[in-house]
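Proteins get letters first, then strands, A, B, ... in listed order; numbering begins at 1 in each. No experiment lies behind these values; they were computed from the predicted model shown.
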Number of protein chains: 2
Amino acid sequence: MAKHRPLSEDALQLVAARFAVLAEPMRLRLIQALFDGERNVTDLVEATGGTQANVSRHLQTLTAAHILARRKEGLQVFYRISDPTIPKLCELVCGSLEKSLTRQIGHLAPG
Amino acid sequence: MAKHRPLSEDALQLVAARFAVLAEPMRLRLIQALFDGERNVTDLVEATGGTQANVSRHLQTLTAAHILARRKEGLQVFYRISDPTIPKLCELVCGSLEKSLTRQIGHLAPG
DNA sequence: CAAGTATATGCGTTTATGCTCATATAACGT
DNA sequence: ACGTTATATGAGCATAAACGCATATACTTG
């Protein structure tokens, strides 16, 4: 498998689409709420403070992107993180932002 | 520094904003074109096939997000990747997508 | 079969963002 | 100073997506 070959136009659109899915605070809240494991929708609605309709939509989006997986059990539907790269991705971005913010604080209060 | 503490609402918005910057094919094309090093705008316009105006705007966006850095030299402006996590981020996403696509191909042509 | 609970979805509105065209700014050469 | 090249930006249009409201579907229980 090559490592740095340039991506095709189609591949770029896929990558962009994936980033777009992660570009919504509510979806990040949902992902974060699922870091500790599976949860049902009502639970996620409470955890995120969103409306049921909105949470349901975002869960759809995340599932369609193969980031979450669904498991139905009776009346309830349980969601979980199904893509193991997601936590790493979030860590990377958080780390990068921390550095960036630290730099900015440095600018505000220079030695 | 804690590793998995839940992010504040502000932090979530920052993370989302960062993902949003990466959620445009043209911007990914620009980033990709800069993997091998610094380039000026005209060069990037040719490499990506976009209009000058549009490329300039996207370069602005990427620079404002501290993903790229600018260096002016005479008439030309050279851009380069300034955030070292960007290549890793792209690798992660690409790897995840490859797996996902491989699975889908498997579904189309099952054993 | 009726009622209740959990989840999903159609629709309309609002907001954000990308794109193009035209023009502005900046730096260089003559 | 003037023209030319490289880059940036203002305005307007078009599209996409998030949200809320209402309602539909799916399953369970009596």
When you check every protein heavy atom under 4.0 Å of nucleotides 24-30 of chain C, what one-letter string (B, S, -) results, 5' to 3'? --BBS--

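- A close approach under 4.0 Å does occur between a side-chain nitrogen or oxygen of A:Thr42 and OP1 or OP2 of C:dT7.
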Going 5' to 3' through nucleotides 8-13 of chain D and flagging B where a protein heavy-atom sits under 4.0 Å of the base, S where only the sugar-phosphate is that close, and - otherwise, we get BBBB--

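- Under a 4.0 Å N-O distance rule, the pair B:Asp36/B:Arg80 does not qualify as a salt bridge.
- Rounded to whole Å, atom C1' of C:dT17 lies 16 Å from atom CG of B:Leu22.
- Under 4.0 Å is where a charged nitrogen must lie from a carboxylate oxygen, and between B:Asp83 and B:Lys88 no such pair does.
- A donor-acceptor pair is defined here as one N or O able to donate and one able to accept, closer than 3.5 Å; such a pair exists between the side chain of B:Arg18 and the backbone of B:Ala65.
- Atom P of nucleotide C:dA6 and atom CG of A:Leu44 are separated by 14 Å, given to the nearest angstrom.
- Per the geometry, CD belonging to B:Glu46 stands 10 Å off P belonging to D:dA6, to the nearest Å.
- Salt bridge A:Arg29/A:Glu24: absent, no basic N to carboxylate O contact under 4.0 Å.
- Within the 3.5 Å criterion, the main-chain N or O of A:Gln52 finds no donor-acceptor partner in the side chain of A:Ser56.
- For the OP1/OP2 pair of D:dA17 and a distance below 4.0 Å, the side-chain nitrogens and oxygens of A:His58 include no atom meeting the criterion.
- Hydrophobic clustering (ILVMFWY, side-chain heavy atoms < 4.5 Å, transitive): B:Leu7 and B:Phe19 are in one cluster.
- We find that CD of B:Glu24 is positioned 10 Å from P of C:dT17, with the value rounded to whole Å.
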